[in-house]
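Okay, structure first, notes after.
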Number of protein chains: 2
Amino acid sequence: MVDTLATDVSDARERIKAAASRVFSTKGLDGARMQDIADEARINKAMLHYYFRNKQQLFEMIFEELLTRVFSALEALVADHASFEDRIRAFVSTQITIISEFPAMPLFVLLEARKDPELLSRKFVGKPLDMVRQRFSDMVDREVSSGRIRPVTFDQLFINILSLSVYPVVAEPMIRFVLGMESGAFQSMIENRKTLVADLIIRDLNPFSI
Amino acid sequence: MVDTLATDVSDARERIKAAASRVFSTKGLDGARMQDIADEARINKAMLHYYFRNKQQLFEMIFEELLTRVFSALEALVADHASFEDRIRAFVSTQITIISEFPAMPLFVLLEARKDPELLSRKFVGKPLDMVRQRFSDMVDREVSSGRIRPVTFDQLFINILSLSVYPVVAEPMIRFVLGMESGAFQSMIENRKTLVADLIIRDLNPFSI
DNA sequence: GTCTATAGGCGGATAGAC
DNA sequence: GTCTATCCGCCTATAGAC
């Protein structure tokens with residue numbers, strides 16, 4: 001076992017990061033207790049400060065790693081040579097899968113980004129985000145000008161896809177409360193959305209719709 | 001001035017509630033400082049404890065009032081005698097307007113609801129939520145069976161409307177970062193969505209779409 | 001590297017004068 | 001009702017033994 005990329009659960013450092021992901025993403029930065037993270041990682045509280053100088057530094061590391069995963073999903077939009085439709089289907093499905101793993105993650109990311117508006121740009125300078133956006137934006141424009149989809153702005157299309165994919169997972173407590181859903185029903189509803197959302201988006205882009 | 005319903009800003013109690021709304025909804029329950037709320041309300045910290053026994057009680061009052069406003073918007077869905085389409089348009093527009101006033105509110109509502117899963121049901125028992133849902137659900141079913149809209153489940157329709165309306169406002173920091181938007185551009189984009197989202201939903205319900 | 005014990009401070013809450 | 005001063009617990013962080 002010399003796989004340096006694999007997450008080694010026996011490694012304290014990796015256990016801490018996994019524990020911190022869970023605790024931060026459910027309780028937020030302020031609500032999280034170093035003791036909670038230590039317990040979750042089956043480690044002494046003092047060891048947290050041995051591996052990571054302080055809470056803020058631990059948080060920023062987790063923050064960055066979570067977002068890197070999310071952003072890398074964007075590459076499904078430009079990476080391979082699939083059709084426009086298939087790219088959207090892949091993106092929706094990936095996005096829902098990732099968010100489902102840490103459903104509260106967008107909550108704390110957005111809360112912290114609001115408290116510290118520079119956080120995002122501080123952590124993600126020089127990442128290939130602009131390029132991905134540009135390429136997907138161009139792709140949308142090509143589809144529009146060739147008449148394969150109806151005229152839409154890239155921005156609104158992107159926001160629609162993200163909203164329909166991410167929000168339902170994040171808003172689980174509210175949705176289950178308002179619609180009176182059990183946990184199982186909620187989960188299969190989310191599962192359905194991996195295709196349902198893509199269907200909606202594709203249908204909406206059809207140039208021959210009303 | 002004997003209007004007991006109007007919010008009297010000279011009344012300390014009302015100033016505190018307004019201040020607490022702002023502070024809680026931007027910093028969350030744990031991140032909010034009683035001192036911040038006191039400053040924002042231009043009042044002494046001790047007075048907070050005079051008017052509201054403790055932080056938790058102040059929080060629960062704000063929580064309940066914010067959610068009551070959101071839920072009451074649901075009544076746009078069933079209240080008057082407008083057409084199905086107009087009800088959806090009214091609901092989308094109202095929802096975006098309310099959320100825009102306290103954009104971070106869903107963040108802290110959802111975060112707290114996750115930390116304390118009983119919170120929602122504890123605070124909202126006996127409210128006319130079930131009735132509104134039932135009436136709107138029936139309405140959807142009638143539209144479907146009469147062939148005026150294509151077959152959809154009420155649940156997924158509701159979730160789509162909510163996601164498209166609420167999430168973009170909530171996710172402002174992320175959207176502006178990824179799409180490189182200035183504050184002004186973002187706001188007019190949101191304003192556009194008041195009709196754009198309704199258009200999308202209505203178009204999607206058309207039984208003669210592809 | 002691991003752990004115990006403890007420092008140190010922040011922030012919620014209260015006492016008590018006015 | 002309003003304010004100052006202060007208490008006290010909780011939680012981050014570190015010192016220091018092993």
Side-chain angles (χ1 to χ4, degrees), chain A residues 1-2 4 7-64 104 108 111-112 114-116 119, chain B residues 1-2 4 6-65 104 108 111-112 114-116 119:
Chain A
M1 283 296 284
V2 205
T4 53
T7 302
D8 185 353
V9 189
S10 69
D11 179 10
R13 209 180 163 81
E14 291 305 319
R15 282 212 313 284
I16 292 173
K17 278 158 59 174
S21 290
R22 286 192 290 276
V23 176
F24 279 137
S25 82
T26 51
K27 305 198 173 183
L29 171 58
D30 298 304
R33 295 287 150 255
M34 292 297 263
Q35 187 63 57
D36 297 341
I37 298 174
D39 294 347
E40 186 93 7
R42 302 189 318 280
I43 212 175
N44 192 282
K45 183 158 71 86
M47 292 308 288
L48 289 183
H49 292 88
Y50 175 76
Y51 284 106
F52 300 89
R53 185 164 307 278
N54 55 38
K55 190 182 179 180
Q56 187 64 27
Q57 186 180 309
L58 177 56
F59 162 72
E60 300 212 355
M61 153 137 295
I62 300 303
F63 184 87
E64 197 167 340
F108 99 109
L111 201 59
E112 298 311 324
R114 271 175 193 279
K115 283 194 275 185
D116 178 0
L119 186 61
Chain B
M1 280 299 281
V2 207
T4 53
T7 301
D8 185 353
V9 189
S10 68
D11 179 10
R13 209 182 164 81
E14 291 306 319
R15 281 212 315 282
I16 292 173
K17 278 159 59 175
S21 291
R22 285 193 291 275
V23 176
F24 279 137
S25 81
T26 50
K27 305 198 174 182
L29 172 57
D30 297 305
R33 295 288 152 254
M34 292 297 264
Q35 188 64 57
D36 298 341
I37 298 174
D39 293 346
E40 186 92 9
R42 303 190 318 281
I43 211 174
N44 192 282
K45 184 158 72 90
M47 293 307 290
L48 289 183
H49 293 87
Y50 175 78
Y51 284 106
F52 301 90
R53 187 164 305 278
N54 54 39
K55 190 182 181 181
Q56 187 65 28
Q57 185 179 311
L58 177 56
F59 162 72
E60 300 213 355
M61 154 136 293
I62 300 303
F63 184 87
E64 196 167 340
E65 289 198 359
F108 99 108
L111 201 59
E112 298 311 321
R114 272 177 192 279
K115 283 194 273 185
D116 178 0
L119 186 62

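Naming convention: chains lettered A, B, ... in sequence-line order (proteins, then strands); numbering from 1 in each chain.
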| Partner residues of B:Ala19 under the side chain to side chain contact (heavy atoms under 4.5 Å, CB included) criterion, sequence neighbours left out |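 With sequence neighbours excluded, B:Ala19 shows a side chain to side chain contact (heavy atoms under 4.5 Å, CB included) to B:Arg22, B:Ile37, B:Glu40, B:Ala41, given in chain and number order.
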| said: Holding to side chain to side chain contact (heavy atoms under 4.5 Å, CB included), I want the full list of residues that pass it with B:Thr26, two or more places apart in sequence or in another chain. | reply: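 Partners of B:Thr26 under the side chain to side chain contact (heavy atoms under 4.5 Å, CB included) test: none.
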| field | Residue pairs passing the side-chain hydrogen bond (donor to acceptor under 3.5 Å, both in side chains) test where at least one lies in residues 45-56 of chain B, sequence neighbours excluded | value |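 Checked against side-chain hydrogen bond (donor to acceptor under 3.5 Å, both in side chains) - neighbours excluded - the pairs reaching residues 45-56 of chain B are B:Gln56-B:Glu60.
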| field | Residues in contact with DNA chain D, drawn from residues 43-62 of chain B - heavy-atom cutoff 4.0 Å | value |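 Residues of residues 43-62 of chain B that come under 4.0 Å of DNA chain D are, in numerical order, B:Asn44, B:Ala46, B:Met47, B:Tyr50, B:Tyr51.
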| query | Going 5' to 3' along DNA chain D, which nucleotides are the first and last within contact of chain B (any atom under 4.0 Å from a heavy atom)? | reply |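 So the outermost contacting nucleotides come out as D:dG1 to D:dT4.
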| Are A:Phe63 and A:Leu29 side-chain neighbours, meaning at least one heavy-atom pair lies under 4.5 Å? |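 With C-beta onward as the side chain, the pair stays apart.
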| request: List for me each residue that meets side chain to side chain donor-acceptor pair (under 3.5 Å) alongside A:Asn44, sequence neighbours excluded, and say none if there are none. | output: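 With sequence neighbours excluded, A:Asn44 shows a side chain to side chain donor-acceptor pair (under 3.5 Å) to no residue whatsoever.
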| request: Under the side chain to side chain donor-acceptor pair (under 3.5 Å) rule, collect the residues that match up with B:Glu64, sequence neighbours excluded. | output: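 For B:Glu64 there are no side chain to side chain donor-acceptor pair (under 3.5 Å) partners, ignoring immediate neighbours.
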| request: May I ask you to list the residues of residues 32-40 of chain B, by number, that have any heavy atom positioned under 4.0 Å from an atom of DNA chain C? | output: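 Contacting residues: B:Ala32, B:Arg33, B:Met34.
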| For B:Lys27, all residues meeting salt bridge (Lys or Arg N to Asp or Glu O under 4.0 Å), sequence neighbours excluded |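 For B:Lys27 the salt bridge (Lys or Arg N to Asp or Glu O under 4.0 Å) partners, ignoring immediate neighbours, are B:Asp36.
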| All salt bridge (Lys or Arg N to Asp or Glu O under 4.0 Å) counterparts of B:Asp39, not counting sequence neighbours |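 So B:Asp39 forms no salt bridge (Lys or Arg N to Asp or Glu O under 4.0 Å) with any residue.
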| request: To the nearest 0.5 angstrom, please state how far the CE atom of B:Met61 sits from the CZ atom of B:Arg13. | output: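 Result: 6.5 Å between the selected atoms.
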| Gap between atom NZ of B:Lys17 and atom CG of B:Asp11 - 0.5 Å precision |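 B:Asp11 atom CG to B:Lys17 atom NZ measures 8.5 Å (nearest 0.5 Å).
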